[in-house]
Amino acid sequence: MVDLKGLQERIERERRELNKLAEQYGILDWRTLGKSQEIDLMVNDYNKQTQNKKPTA
């Protein structure tokens with residue numbers, strides 16, 4: 001199983017980088033769009049991991 005806390009932290013780091021890219025190159029630049037797609041994949045992975053967790057009650 002993926003370390004969810006680590007994944008959350010990585011997503012936040014990548015989002016900060018995304019904001020820098022958007023400021024520097026604009027939101028339609030290939031670097032910005034590529035970073036956004038990377039984050040989308042990480043968020044999808046995070047969502048899958050959290051949805052698959054079963055309650056321990």
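Predicted model, so just to flag it, every value in this text is computed and none were measured. The analysis underlying the following values was restricted to heavy atoms, covering all of them including side chains, and did not include hydrogens, waters or symmetry mates.
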Could you walk me through whether Met42 and Asp45 pass side chain to side chain contact (heavy atoms under 4.5 Å, CB included), step by step?
CA-CA 5 Å; Met42 286 186 276; Asp45 185 38; 5.6 Å; no

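Checked by atom type and distance alone, the side chain of Thr50 pairs as donor or acceptor with a backbone atom of Tyr46 at under 3.5 Å.
The two residues Thr32 and Gly26 make their nearest non-hydrogen contact at OG1-O, 2.9 Å.
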Pairs under 3.5 angstrom only: tabulate donor-acceptor contacts from the side chains of residues 10-17 to other protein residues two or more places apart or in another chain.
unit_1	atom_1	unit_2	atom_2	d
Glu12	OE2	Arg15	NH1	3.2
Glu14	OE1	Lys35	NZ	2.6

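Other residues sharing the hydrophobic cluster of Leu41, ordered by chain and number and joined by side-chain separations under 4.5 Å: none, the residue standing alone. Grouped with Leu33 in a hydrophobic cluster is no other residue, since no side-chain heavy-atom contact under 4.5 Å to another Ile, Leu, Val, Met, Phe, Trp or Tyr is found.
Residues Leu4 and Val43 are members of one and the same hydrophobic cluster, defined by side-chain heavy-atom contacts under 4.5 angstrom among Ile, Leu, Val, Met, Phe, Trp and Tyr.
To the nearest 0.5 Å, atoms CG (Asn47) and CG (Asp40) are separated by 10.5 Å.
Under the side-chain hydrogen bond (donor to acceptor under 3.5 Å, both in side chains) criterion, the residue pairs touching residues 20-30 are Asp29-Arg31, with sequence neighbours excluded.
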